[in-house]
2 protein chains.
Amino acid sequence: MKTDLTNGLGGDHPCGQNACSEGVTGIRDALYVLNGKWKLPLLFALTEGPARFKDIQRTLGDITPKILSKELKELELNEFVIRRVIPTVPVTVTYEITDYSRSLQQVLHELKVWGINHRQRIVASRKSK
Amino acid sequence: MKTDLTNGLGGDHPCGQNACSEGVTGIRDALYVLNGKWKLPLLFALTEGPARFKDIQRTLGDITPKILSKELKELELNEFVIRRVIPTVPVTVTYEITDYSRSLQQVLHELKVWGINHRQRIVASRKSK
DNA sequence: CGGAATCCCAAAAGATACTG
DNA sequence: CAGTATCTTTTGGGATTCCG
């Protein structure tokens, strides 16, 4: 994945005279930088404030350090997250979301609400069988 | 991927006394059924009304028939999409979103808005270099 | 047109172990 | 604690061809 700032888009849109909505392109662009299983949950986890590596790992439940490390680096590259090193012994590292990340607030909120609702629906449908 | 209705969740949440927010779980649950590069764009494409296989393919730009077919099946299983066969010659097949899909409206909207904005940001940052 | 069949690859993700 | 290293598995996704 090359999700750096000079290429953070989901490809060109072939918008000719056919019905290629900018909406589809918008969503594809969003998904291009926010892809995968972890980025959105991770960013959401950081909305409550900065957290340390291990803390994030616990909040996310079952992410391995390797994956978490990779995700954090990508998010840092794309300016969603800031990594801060505090020179204690042993060293303390915190991760913090940027202002740009905050522009995702609505997305995160809607997704969260929908997900909570979806879980209830599934559980309910299981009971009724 | 087993994204059927009896297992449409992103796993259990280990919520003990630690700070495991239901928000993270909500987002993970949502992502579990809406994963991948295509499901959200596809659902968005269908918000404007039913469409045929080939039409969807064109709207999405560069999805191959195999992938499109797979995505549609998964979405059908999870009750996001209805497949209708019209007995013309040759046969006509349309795909239509369900009411449950419409509960994703806000999510789709926010994601679209954010994506459009994100594209502008990237393009702008490219120019200023 | 609406797919299915086959082959293939790259990337995502997980397990496990280890280090400063 | 905050990661890295290695290895393996999974799956997502694409190319191409073919069929009723």
Side-chain angles (χ1 to χ4, degrees), chain A residues 1-4 7 10-12 14 18 28 31-42 45-46 50-78 81-96, chain B residues 1-4 7 10-12 14 18 28 31-42 45-46 50-78 81-96:
Chain A
M1 270 278 314
K2 279 177 278 170
T3 47
D4 59 274
N7 189 14
D12 286 335
N18 52 18
R28 291 195 59 184
L31 259 34
Y32 185 74
V33 269
L34 300 172
N35 58 34
K37 192 174 172 177
W38 297 111
K39 289 199 186 63
L40 259 358
L42 175 36
L46 290 180
R52 304 172 63 171
F53 192 88
K54 201 73 178 182
D55 294 334
I56 302 176
Q57 216 182 327
R58 267 186 287 264
T59 305
L60 259 33
D62 53 358
I63 191 173
T64 63
K66 175 194 163 186
I67 304 295
L68 179 53
S69 173
K70 195 201 65 180
E71 300 292 318
L72 283 169
K73 274 174 188 164
E74 287 179 20
L75 289 174
E76 214 189 330
L77 255 181
N78 288 288
V81 153
I82 295 173
R83 179 180 188 266
R84 291 221 153 79
V85 183
I86 306 164
T88 51
V89 276
V91 75
T92 301
V93 179
T94 68
Y95 292 90
E96 188 182 340
Chain B
M1 272 278 315
K2 279 177 278 171
T3 47
D4 60 273
N7 189 14
D12 287 335
N18 51 18
R28 290 195 58 184
L31 259 32
Y32 185 75
V33 269
L34 300 172
N35 58 36
K37 192 172 170 178
W38 298 111
K39 290 199 185 63
L40 260 358
L42 176 35
L46 290 180
R52 303 172 63 173
F53 192 88
K54 202 71 178 182
D55 295 334
I56 302 176
Q57 216 182 329
R58 267 186 287 265
T59 304
L60 260 33
D62 53 359
I63 191 173
T64 63
K66 174 193 165 187
I67 304 296
L68 179 53
S69 174
K70 195 200 65 182
E71 300 291 319
L72 283 169
K73 273 175 189 163
E74 288 179 20
L75 290 174
E76 213 189 330
L77 256 181
N78 288 287
V81 153
I82 295 174
R83 180 179 188 265
R84 291 219 152 81
V85 182
I86 305 163
T88 52
V89 277
V91 76
T92 301
V93 180
T94 67
Y95 292 90
E96 188 181 340

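Lettering of chains follows the sequences in order, A, B, ..., and the numbering in each one begins at 1.
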Handout entry: Side chains of V81(A) and Y95(A) in contact at under 4.5 Å (non-hydrogen atoms)
Key =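 V81(A) reaches Y95(A) side chain to side chain.
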
Between atom [atom1] in [X] and atom [atom2] in [N], what is the gap in whole Å?
X: K39(B); N: dT11(D); atom1: NZ; atom2: P; result: 13 Å
X: E71(B); N: dT11(D); atom1: CD; atom2: P; result: 14 Å
X: K66(A); N: dA2(D); atom1: NZ; atom2: P; result: 20 Å
X: L34(A); N: dA12(C); atom1: CG; atom2: C1'; result: 16 Å
X: I67(B); N: dA4(C); atom1: CD1; atom2: P; result: 13 Å
X: L68(A); N: dA2(D); atom1: CG; atom2: C1'; result: 10 Å

Practice task
Respond yes when some side-chain nitrogen or oxygen of R52(B) is under 4.0 Å from OP1 or OP2 of dG2(C), and no when none is.
Solution key: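 So the side-chain polar atoms of R52(B) do come within 4.0 Å of the phosphate oxygens OP1 or OP2 of dG2(C), strictly under.
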
Handout entry: Touch class at under 4.0 angstrom, heavy-atom based, for Q57(A) against every strand present
Key =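 Since no nucleic acid heavy atom lies under 4.0 Å of Q57(A), the category is nothing.
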
Exercise for the section: Scan P90(B) against the nucleic acid and name what it touches under 4.0 Å (heavy atoms): base, sugar-phosphate only, or nothing. Expected result: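 Nothing, no nucleic acid heavy atom in range.
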
Exercise for the section: Could you check which of dA13(C), dT4(D), dG3(C) has an atom nearest any side-chain atom of P65(A)? Expected result: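 Taking heavy atoms from C-beta onward, the closest nucleotide is dT4(D).
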
Exercise for the section: Just compare dA4(C), dG14(D), dG3(D) and give me whichever is closest to any side-chain atom of F53(A). Expected result: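 That would be dG3(D).
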
